[in-house]
Amino acid sequence: MECSWKTVLLLVCASLGVQYTAIRTLRDSLSGPCQGAYRCSTRHLKDSRWRSLCDDGWTVEFPRKHILLFATTRSGSSFTGQLLNQHPQVFYVFEPLFHVQQAFTNSSSRLRRSLDRRALLGAYRDLLLNLFTCDLHFMENYIRPEPQDHLTNSFFRRSSSHALCSPPVCSEEGDADLPDEAWCPKKCAALNLTLASMSCLSRGHVAIKTVRVPEVGDLRTLTEDPRLDLKIIHLVRDPRAVLASRMMAFSDQFRAWKIWNATGRQPRYVDLSQITSTCKDMTASAETGLQRLAWLRGRYMPVRYEDLAFNPEKKAAEIYRFVGLTMEDRVRTWIEKNTKSNVSSSTSEWNHRYSTRRNSRATAESWRLGLSFDIVRTVQTLCNDTLALLGYKQVQSAAELRNLSHTLVENMTFETLT
Ligand SMILES: *[C@@H]1O[C@H](CO)[C@@H](O)[C@H](O)[C@H]1NC(C)=O
Ligand SMILES: *[C@@H]1O[C@H](CO)[C@@H](O)[C@H](O)[C@H]1NC(C)=O
Ligand SMILES: *[C@@H]1O[C@H](CO)[C@@H](O)[C@H](O)[C@H]1NC(C)=O
Ligand SMILES: *[C@@H]1O[C@H](CO)[C@@H](O)[C@H](O)[C@H]1NC(C)=O
Ligand SMILES: *[C@@H]1O[C@H](CO)[C@@H](O)[C@H](O)[C@H]1NC(C)=O
Ligand SMILES: *[C@@H]1O[C@H](CO)[C@@H](O)[C@H](O)[C@H]1NC(C)=O
Ligand SMILES: *[C@@H]1O[C@H](CO)[C@@H](O)[C@H](O)[C@H]1NC(C)=O
């Protein structure tokens, strides 16, 4: 029974595919019916959702998943992105909007003056749409220096993407025990964006991490685009932890804060606006996301980084359920390896700024031992609404702050329609 309809479907798709590739460009053929054939001929037959899509053949919604990891700087998004990057059918891109921002920031002052927020967000969305449909050539508009013959050495954080560090994109294959960051920049030749597009097509699903879109409402046109089946994972983190992490990672930019932290006295020139707007955006997005708006229905999942760090297997499974993919063994193995290692042994290994290999619980809480109470109190005042909405408790004393047996993360389940 099952075999016969499968065979018929494959034959139908194969013949349609021949016609399609003849009349369509590479990019357009992505949404042709043989995308379904690719899926239907693989293991997804067992899954009831896929089966109904496959039975339907033509008139289906597009079965590719488009996952946006929507986050803010230093909120644990590198770690969370890796959970998606490890899936063998996911083509993962780490912050492609970096290039757009660079290009606009560096453009002539006349253009810069005329560039308003809407135009920049429009450029962000255009790039996301093109990447979600596997057109990596679109990146060439923004990458500097400009790629020649579709080749570039300047793709931002290429080695955070497993697909860009493995065959056919890279001729070398990494050692399974090493993170790609440790070898990919040395061993892989210049990135061929045509090959990268093809790798994206063959993987089936696309996941993109960004920290540059301010609010989830800015993504509305993407959620409504019929070419995409967008799932937004909104990663949030305790703003006190976000600040502490930024102070460590970007110490030049946070010099005044470091002085405050070390002396206990607030310098007059300390800039409170960045953390304030981070909190404002986080709250605005969560409020939009939890309002059950029609255009976000089934497409929005808020994730607190702390929940993921305290219970990685369970939370990762929930994320995979939400995006509609199976959590492959490779993902489980990665979690095992990267959330339980001893802090002391991990620091000697790959101690770069975006390292994800460490004890996830200890890392999520370490800010409580490294931030002066005075700063914590100030952030609590600036971000009180955000803390309340997302279930982070305020502390009233330094003793309460440093007492790690006293949790500051309240139990919370976010009710969203999925
Ligand atoms: C920005 O422009 C300057 C001067 O034209 C150039 O030297 C620099 O490489 C550019 N930077 C980027 C990121 O494009
Ligand atoms: C990039 O890859 C494509 C597809 O394999 C190939 O046709 C092209 O020659 C490559 N470009 C360069 C400059 O090697
Ligand atoms: C972590 O440390 C403990 C005690 O110091 C040791 O027994 C254990 O083997 C270490 N685990 C790893 C993965 O290094
Ligand atoms: C704040 O100061 C303490 C000690 O004075 C130090 O251990 C900690 O690393 C500092 N925190 C940051 C985020 O710089
Ligand atoms: C946060 O602080 C503002 C100003 O003090 C206050 O109006 C608001 O009610 C507070 N929000 C919460 C949730 O406590
Ligand atoms: C630390 O917090 C725990 C749990 O709230 C509490 O039982 C304990 O008394 C606190 N310890 C100190 C030294 O305050
Ligand atoms: C929160 O959840 C944890 C784990 O499920 C449980 O042990 C704890 O008792 C809960 N706390 C509250 C206040 O409900």
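Heavy atoms only: backbone and side chains are in, while hydrogens, waters and symmetry mates are out. Counting starts at 1 for both ligands and their atoms, following the listed order.
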Using only the SG atoms, establish whether Cys170 and Cys184 come within less than 2.5 Å of one another.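 No, because the SG atoms of Cys170 and Cys184 are not under 2.5 Å apart, which misses the disulfide cut-off.
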
Please could you name the atoms of ligand 5 that Asp385 approaches to less than 4.0 Å, counting only its heavy atoms?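 Near Asp385, meaning under 4.0 Å from one of its heavy atoms, ligand 5 has 1 (C), 10 (C), 11 (N), 12 (C), 13 (C).
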
Is the side chain of Asn85 donor-acceptor paired with the backbone N or O of His162 at a distance under 3.5 Å, no angle test?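 Yes: the side chain of Asn85 pairs with the backbone of His162.
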
Heavy-atom side-chain contact between Tyr92 and Leu164 under 4.5 Å: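 No; the side chains remain at least 4.5 Å from each other.
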
Subset of ligand 4 atoms that lie under 4.0 Å from at least one heavy atom of Met248: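 Taking each heavy atom of Met248 in turn, ligand 4 has 12 (C), 13 (C), 14 (O) under 4.0 Å.
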
Distance filter under 4.0 Å to Lys258 heavy atoms, resulting ligand 4 atoms: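 Reading through ligand 4 atom by atom, the close ones are 14 (O).
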
Would you say Gly370 and ligand 4 have an N/O pair spaced under 3.5 Å apart?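 Checking ligand 4 against Gly370, an N or O pair does fall under 3.5 Å apart.
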
Collect the protein residues that have a non-hydrogen atom under 4.0 Å from ligand 2 and hand them over in chain and number order.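 Within 4.0 Å of ligand 2, the protein residues are Asp149, Leu151, Asn192, Leu195.
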
Would you check, one step at a time, whether the test salt bridge (Lys or Arg N to Asp or Glu O under 4.0 Å) holds for Asp229 with Arg299? CA-CA 8 Å; Asp229 180 7; Arg299 307 203 174 280; 2.9 Å; yes

Taking the six-membered ring for Trp, are [X] and [Y] ring centroids under 6.0 Å apart?
X	Y	answer
His99	Tyr142	no
His234	Tyr300	yes
Phe79	Trp334	yes

Count the heavy atoms belonging to other residues, nucleotides or ligands that lie under 6.0 Å from CG of Asp175, then report whether that count exceeds 12.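 Yes, CG of Asp175 has more than 12 neighbouring heavy atoms, counting only those of other groups under 6.0 Å.
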
